[in-house]
Every structure is written in C-alpha cells, then in structure tokens.
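To start, the structure under review is shown below, and the notes come after it.
Each ligand, and each atom within it, is numbered from 1 in the order the structure gives. Positions are given from 1 along the sequence.
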Amino acid sequence: QDLISHVQNPGKVRYGTASDLLDFVNMVSNIPSSSLLEVGEEMGVLLNKTDMVIKEGHYRIDLDVLLFPWKLTYKPPGPGHVPKGSFGKVHLAQDTKTRKRMACKLIPVEHFKPADVEIQARFHHENIAELYGALLWEQTVHLFMEAGEGGSVLEKLDSCGPMREFEIIWVSQQVLRGLEYLHSHKIIHHDIKPSNIVLMSAKAVLVDFGLTVQMKDDVYVPRDLRGTEMYMSPELVLCRGHNTKTDIYSLGTTIIHMMSGSPPWVRRYPRTAYPSYLYIIHKQAPPLEDIPESCSPAMRRLLEHALDRVPARRSSATELLNEEALHPSREDQ
Ligand SMILES: Nc1nnc(-c2c[nH]c3ncc(-c4c[nH]c5ccccc45)cc23)o1
C-alpha cells in the first residue's frame with residue numbers, strides 16, 4: 001500500500017524554471033515557519049535537469065546529494081561586518097548519480113529572504129556563481145550553486161599572503177566583467193570584497209547576492225547600511241544615495257587587500273583602537289597610502305581611478321577594463 005501511495009504521491013522536489021524557483025522561495029519566506037514543521041520531507045525546485053537527478057520527486061540530502069563541510073566558510077559577522085550581510089554555511093555538495101560537484105549554502109529559514117537568490121535566478125554571467133536549485137529541508141534552505149573549488153580570494157590571502165601583480169590582474173579582470181554585466185542592469189552587489197570572490201580553474205566568480213539591489217533609476221537611497229566597513233565607499237557611508245560606482249570603490253579596496261595582504265586603513269588605524277571605520281572613510285581621502293611601494297605605476301593609476309572620492313569622476317567597470325594595467329604588454333612580463 002505504501003509503495004502505491006508513494007508512487008501516487010511523489011515527493012515535492014521538481015524541475016522548474018527560474019520563475020518556478022522564485023515562486024517557491026517566495027512561498028517559503030511567506031508561510032510561517034510553524035507550518036513548515038509538518039512537512040516531513042524535502043521540497044524545492046531544481047533548475048538544472050542534466051546535473052541533478054530527481055528520483056520520483058525526491059532529492060534527499062545525504063542520499064541523492066552528499067554534503068561535505070568545506071573549511072566552513074561561515075564566519076559570525078566579525079568587526080566591521082554590518083550584520084545585514086547574508087551569511088550561511090557553505091558546503092561542498094556532490095550529486096550521487098552524476099557526481100556533479102556544487103556549492104550548497106545552508107540558510108536557516110528564519111534568516112532566508114528571496115533577495116538571496118533573485119539576482120542569481122534571473123541574471124546569468126560566467127563571472128556570477130550560477131544557481132542550480134533551492135531545497136527546503138529541516139527548517140533550512142539549501143541553495144545549490146556553481147562551486148569555486150579553489151576557495152575564496154580571502155582564504156588565498158590568509159594562507160599565501162599578498163598576491164603577485166599578474167594574479168591580481170587576472171582576478172580584477174574577472175570581477176570587472178561580472179560588475180560590468182551587473183551594472184549594465186543597474187544592479188549593485190553592495191559587498192565586493194575578497195571573501196565574496198571565489199576561484200575556479202579557469203575563472204573567478206562573484207558570490208553572495210544577499211545585499212544586492214536593482215536600482216529603479218540612477219540612484220539608490222538605502223534604508224540601512226549594507227556591506228563590510230573596510231570596503232565601503234565614502235558616499236555609501238554618508239547614506240545620502242549612491243549608485244553602481246560604490247562597487248567600483250569596493251573593488252579598489254579589494255585590490256589593495258590583494259596587494260598588501262590587509263584591507264585598507266587597518267594598518268594605519270588598528271582595529272583594537274578603532275571599532276568602526278565609518279568616520280575614517282568619511283573624513284579621510286581615499287586610502288592611496290595603503291598602496292604598497294611595489295605597485296606598478298599603471299596599477300596605481302587604475303587604483304586612483306577606482307578610488308576617486310567623487311562617484312561621477314570614478315571610472316566605470318568598462319573604463320577600468322580598458323586601463324593599461326589590465327593589458328600588460330609583452331615587455332612587462
Ligand atoms: N557566501 C557565499 N554565497 N555563495 C557562496 C558560494 C557559491 N559558490 C561557492 N563556491 C565556493 C565558496 C567558498 C568560499 N570559501 C571557500 C573555501 C573553501 C572552498 C570553497 C569556498 C563559496 C561559494 O558563498
């Protein structure tokens with residue numbers, strides 16, 4: 001009997017389109033978590049027919065897909081991390097049929113918001129971590145995404161120290177292509193920093209779109225402070241309206257971090273003495289002093305253009321991609 005009921009009542013995981021997935025995540029975030037308690041099995045929508053195999057409406061964690069905690073990338077919001085960030089434990093996942101390896105981000109259902117997946121469901125680019133599906137299981141939303149098995153740029157910096165210029169050029173080009181695409185759709189990422197850039201064998205991709213917004217017109221007036229302090233632009237800190245150029249400034253501070261091994265400001269203003277950097281960012285000129293001596297003149301020029309205090313004067317992603325620093329000629333090699 002239960003075999004018949006099982007076949008007649010297949011599970012609640014199905015293949016669908018991006019809009020099916022968005023309907024699902026909106027349902028999950030709208031119904032009270034108490035009623036979720038009754039659902040004894042996993043439910044969700046997978047976008048990717050080829051790489052994830054649903055069996056009779058089931059895609060069971062630890063059966064149809066295995067999760068392995070990576071170096072747990074979940075860090076409680078540290079100093080300078082405004083608690084608005086979307087955080088979640090990221091695991092390595094592997095489909096047991098196809099052996100396809102993915103990233104799986106676990107977000108407690110009470111912390112989950114549709115914004116966590118909207119951008120990745122609706123916009124696709126090779127430098128944005130692709131979304132494969134969303135599953136609800138044991139009060140936790142499981143987001144399956146493209147995996148950067150090389151880890152994040154922050155892990156690379158923590159384990160190998162400052163990066164060499166040719167590595168920084170490669171990462172900057174990848175990030176700028178992703179930003180050029182997002183900005184062309186008036187999308188602001190809001191949290192560009194080393195831990196949100198993950199590495200693969202042939203590319204780097206942006207991750208963590210929980211703070212992302214799509215502007216209605218050419219300025220976004222925030223209700224709250226979004227991002228991580230050391231990488232924030234002066235106009236974002238001022239909270240009087242900003243646009244996509246704030247991501248360009250954050251890329252500039254990220255390049256300083258890749259070059260020197262530390263975020264800007266922290267060596268001159270130690271965290272122990274400065275619990276917050278917002279005032280420093282607001283009052284001080286851009287952190288050009290944190291650019292190491294070893295920086296090439298071309299890269300220094302790129303940083304001056306990326307860190308310009310005036311957003312209108314600051315370069316766009318397209319302009320930075322055309323800078324000499326990102327096209328080292330033969331003799332520079
Ligand atoms: N916050 C967030 N939202 N989405 C992601 C994400 C999508 N695909 C990924 N692939 C790899 C990693 C990752 C980060 N640190 C690591 C250290 C070792 C190995 C892997 C990693 C993270 C992701 O991360």
Side-chain angles (χ1 to χ4, degrees), residues 21 25 44 46-48 51-52 65-78 80-95 100-109 111-135 140-161 163 167 171 174-175 178-179 181-182 187-213 226-228 231 247 250 254 257-258:
L21 186 140
V25 297
L46 304 185
L47 300 175
N48 203 294
D51 297 324
M52 303 164 87
V65 63
L66 304 178
L67 298 189
F68 309 94
W70 255 323
K71 290 177 277 178
L72 272 202
T73 57
Y74 170 80
K75 288 186 185 65
H81 188 288
V82 176
K84 288 276 169 227
S86 85
F87 47 85
K89 294 182 180 61
V90 178
H91 291 60
L92 176 65
Q94 183 161 38
D95 182 288
K100 162 100 180 167
R101 293 155 69 91
M102 304 170 277
C104 183
K105 184 171 175 180
L106 280 64
I107 305 176
V109 69
H111 286 154
F112 177 76
K113 18 185 230 304
D116 287 326
V117 293
E118 257 155 19
I119 296 300
Q120 285 168 285
R122 289 173 37 214
F123 296 93
H124 307 282
H125 185 273
E126 66 161 1
N127 295 114
I128 290 171
E130 187 178 350
L131 179 70
Y132 297 143
L135 219 55
T140 306
V141 175
H142 294 66
L143 297 181
F144 292 95
M145 293 175 277
E146 183 178 10
E149 301 209 36
S152 73
V153 168
L154 181 65
E155 269 99 10
K156 178 176 169 57
L157 288 165
D158 288 350
S159 50
C160 312
M163 291 161 61
E167 295 174 296
V171 169
Q174 309 282 317
V175 171
L179 288 181
Y181 172 76
L182 291 173
I187 295 169
I188 310 173
H189 181 281
H190 272 130
D191 208 8
I192 297 298
K193 58 181 177 178
S195 61
N196 281 340
I197 304 167
V198 296
L199 301 168
M200 298 165 185
S201 47
K203 65 175 182 173
V205 301
L206 294 175
V207 299
D208 203 344
F209 292 81
L211 297 177
T212 306
V213 296
R226 294 167 170 248
T228 307
Y231 310 94
D247 284 341
S250 300
T254 296
H257 192 162
M258 292 193 279

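Of the polar atoms of Gly151, none of the N or O atoms is found under 3.5 Å from an N or O of ligand 1, judged by distance alone. Checked by distance only, ligand 1 and Asn196 stay at 3.5 Å or farther apart across all their nitrogen or oxygen atoms.
Close approach to Ser152 involves these atoms of ligand 1, each under 4.0 Å from a residue heavy atom: 15 (N), 16 (C). Residue-ligand proximity, Lys105 to ligand 1, at heavy-atom distances under 4.0 Å covers atoms 1 (N), 2 (C), 3 (N), 4 (N). Taking every non-hydrogen atom of Val90 and a distance limit under 4.0 Å, the qualifying atoms of ligand 1 come out as 2 (C), 22 (C), 23 (C), 24 (O). Contact atoms of ligand 1 toward Ala103: 7 (C), 8 (N), 9 (C), 10 (N) (distance under 4.0 Å to a heavy atom of the residue). Atom numbering of ligand 1 starts at 1 in the shown order; those under 4.0 Å from a heavy atom of Val198 are 11 (C), 12 (C), 13 (C), 14 (C), 22 (C). Close approach to Ala147 involves these atoms of ligand 1, each under 4.0 Å from a residue heavy atom: 10 (N). Ligand-side atoms of ligand 1 in range of Gly148: 9 (C), 10 (N), 11 (C), 20 (C), range being under 4.0 angstrom from any heavy atom.
In this structure, Glu146 pairs ionically with Lys203, as a charged nitrogen and a carboxylate oxygen lie closer than 4.0 Å. Classification of Asp158 and Lys156 as a salt-bridged pair fails, no side-chain N sitting under 4.0 Å from a carboxylate O. One finds no salt bridge joining Asp95 and Arg101 here, because no Lys/Arg side-chain nitrogen approaches an Asp/Glu carboxylate oxygen to under 4.0 Å.
Counting heavy atoms closer than 4.0 Å to ligand 1, residue Asp208 contributes atoms from both its backbone and its side chain. At a heavy-atom distance under 4.0 Å, no atom of Glu149 approaches ligand 1.
With a 4.5 Å cut-off on side-chain heavy atoms, Val25 and Phe112 count as touching. For the pair Leu206 and Ile197, the minimum side-chain heavy-atom distance is below 4.5 Å.
A donor-acceptor distance shorter than 3.5 angstrom exists from the side chain of Asp116 to the backbone of Lys113, with no hydrogens or angles considered. Between the His91 side chain and the Ala93 main chain, no donor and acceptor come within less than 3.5 Å of each other.
Under the 30°/60° scheme for interplanar angles, the aromatic rings of Phe123 and Tyr181 are found to stand perpendicular.
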